[in-house]
Amino acid sequence: MRARIVWILTGLAALAAVASAAFLLSPSFLSPHDLALKEEGLREGEAILVKTRVEGFGVHKGDAFPYLVDVWYNPDQVSEIDRTSLDKSVYLEPFEIRDTKEREFNLDSRTRVYRREYEIQLISGKVDYLYNFPAIVVRYRLKNTGVFSETTVVPEPIFVSSRLPPDVTDLELGYGPLRPIKGEIEDVSQKRLPWILWTLGGFLAALGVADLAWRRAIPQWKGRAKQRRKVEGDVLSEAYRSLYESVATAVEPKPLFHQMDHMLRIVLARKEKTDWLEEPNFDKVSPGISVPVVSLFEKCQKAYGPEVVEQKEVEEALRQLEEILGFYFGEGEMEAWRG
């Protein structure tokens, strides 16, 4: 009887979590940024508006990040957006376009959004520099007409830095402070229900877990800890394979140094608790590996300077990176990463 009650409580908790997740993932649920925009929408009588933005903040050289082009239009007035001409009009060089996605959704009763999301990356270019782009032209057709009209927008510029400080709240980029979106979205119907469901699910799950802890929890906790270690290894293994794919395709040395610098900072942040955004505190590095760590870090900084990088330096850096990864994760783990 007791076991049956436990399973009933656990099942109710799972149903509550699934219901909440289904609500959050429904098409009508917008991201926090889009919910903030929902208060704006198109003005009365306005037919179309084009907006652009960098998703998130803080762009480094070598990062791949989303750049959004949003076309807001009133479906009661606009019958068609010329998507082909829009694609030709977007010019984001010197950034390389890695991927393009598109979607449509309703922002409010008179505003529909056609979104083009570009995943872009700066491989070769200046740092600590503000990149501007040519105007984007959007062609559209009003209802009851057979003629296309045009509207233009000057794309939001992108500031690319070599390194960002840990605190960016007061950093000015020329067109405004670098800050995440602030403010609360007062949408009671979408705000309360998920929390009610999660609270109910958490309460019911706690009752079930309290009973199961004595018999099952400890082995499960060990399994979860093993899974966390696996996820950590998966992240670095993906970076490791990506690095060697770049080597195999004869990528220029400086982007390779950027990838190695990124991996080194992740390893030191996890294993030595260093701040990966700043120059590592090498006093914290384990004595058995400190020499190759310092040497590799110094080599990687050439990715961000004007000096020429020789191929033999790349080969030596790769050997040092493998030595460091082997020290922290073991040769067996390294073999698994290599596949």
Side-chain angles (χ1 to χ4, degrees), residues 56 58-67 92-99 118-129 131 158-164 232-272 274-282 285 289-331 333-339:
V59 177
H60 300 158
K61 185 175 180 180
D63 286 350
F65 60 93
Y67 189 85
L92 299 174
E93 291 189 1
F95 292 84
E96 297 184 14
I97 297 177
R98 299 302 186 191
D99 190 23
Y118 298 88
E119 184 182 40
I120 61 178
Q121 183 180 31
L122 182 69
I123 297 297
S124 179
K126 300 178 182 178
V127 295
D128 299 326
Y129 183 79
Y131 287 88
I158 301 175
F159 184 84
V160 177
S161 64
S162 55
R163 290 283 170 240
L164 284 178
E232 177 181 288
D234 286 346
V235 171
L236 283 168
S237 67
E238 287 296 326
Y240 184 79
R241 282 191 288 270
S242 173
L243 174 64
Y244 273 84
E245 286 174 5
S246 299
V247 172
T249 53
V251 172
E252 289 294 322
K254 287 194 175 183
L256 294 177
F257 272 169
H258 175 82
Q259 288 182 267
M260 285 187 275
D261 177 62
H262 187 72
M263 289 183 65
L264 178 61
R265 289 173 180 273
I266 291 175
V267 171
L268 294 180
R270 291 179 176 175
K271 298 299 184 180
E272 306 290 4
T274 63
D275 187 338
W276 80 282
L277 285 177
E278 295 182 345
E279 182 173 342
N281 181 359
F282 296 114
V285 177
I289 200 65
S290 60
V291 172
V293 165
V294 174
S295 177
L296 177 58
F297 181 81
E298 290 174 349
K299 288 184 179 66
C300 289
Q301 301 320 294
K302 293 184 179 181
Y304 314 110
E307 63 267 40
V308 177
V309 179
E310 297 182 2
Q311 187 61 35
K312 64 180 183 180
E313 294 180 276
V314 175
E315 295 171 358
E316 183 181 355
L318 284 170
R319 288 195 297 271
Q320 290 176 331
L321 178 62
E322 288 197 326
E323 180 182 354
I324 293 166
L325 294 175
F327 177 84
Y328 286 112
F329 296 97
E331 290 301 325
E333 189 73 12
M334 294 287 293
E335 287 295 330
W337 291 0
R338 296 185 187 102

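When a residue number appears, it is its place in the shown sequence, counting from 1.
For the pair E316 and K312, the minimum side-chain heavy-atom distance is 4.5 Å or more. Using a 4.5 Å heavy-atom threshold, the side chains of S161 and V127 count as separate. In this structure, the side chains of Y67 and I97 stay at 4.5 Å or more apart for every pair of heavy atoms.
In this structure, P253 and Q311 approach most closely via the heavy-atom pair CG-OE1, 4.5 Å. V308 and E313 make their closest contact through O-OE1, 4.1 Å (heavy atoms, listed as atom of the first residue, atom of the second, distance). For the residue pair P94 and S124, the shortest heavy atom distance occurs at CB-O, 4.2 Å. Smallest separation of non-hydrogen atoms from P255 and I123: CG-CG2, 3.7 Å. In this structure, K126 and L122 approach most closely via the heavy-atom pair O-CD2, 3.7 Å.
The CE atom of M260 lies 10.5 Å from the CD atom of E322; values are rounded to the nearest 0.5 Å. For the atom pair CG of L318 and CD of E323, the computed distance is 13.0 Å after rounding to the nearest 0.5 Å. The distance from the CG atom of D261 to the CG atom of L256 is 12.5 Å, given to the nearest 0.5 Å. In this structure, CD1 on I289 lies 9.5 Å from CD on Q320, to the nearest 0.5 angstrom. The CD1 atom of I266 sits 3.5 Å away from atom NE2 of H262, with the distance rounded to the nearest 0.5 Å. To the nearest 0.5 Å, atom OH of residue Y118 and atom CG of residue D99 are 11.5 Å apart.
Between Y131 and Y129, the ring-plane angle classifies as perpendicular under the 30° and 60° cut-offs.
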### Message
Would F297 and F282 count as a ring-ring contact (aromatic ring centres under 6.0 Å, His included) here? Give the steps.
### Response
CA-CA 10 Å; F297 181 81; F282 296 114; 5.5 Å; yes

### Message
Could you go through C300 and H258, starting from their C-alpha distance and side-chain angles, then the distance that decides it, and tell me whether this counts as side-chain contact (heavy atoms from CB on, under 4.5 Å)?
### Response
CA-CA 6 Å; C300 289; H258 175 82; over 6 Å; no

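Without hydrogens or angle criteria, E119 side chain to P66 main chain gives no donor-acceptor distance under 3.5 Å. Remark: the backbone N or O of G125 is paired with a side-chain donor or acceptor of K61 at under 3.5 angstrom.
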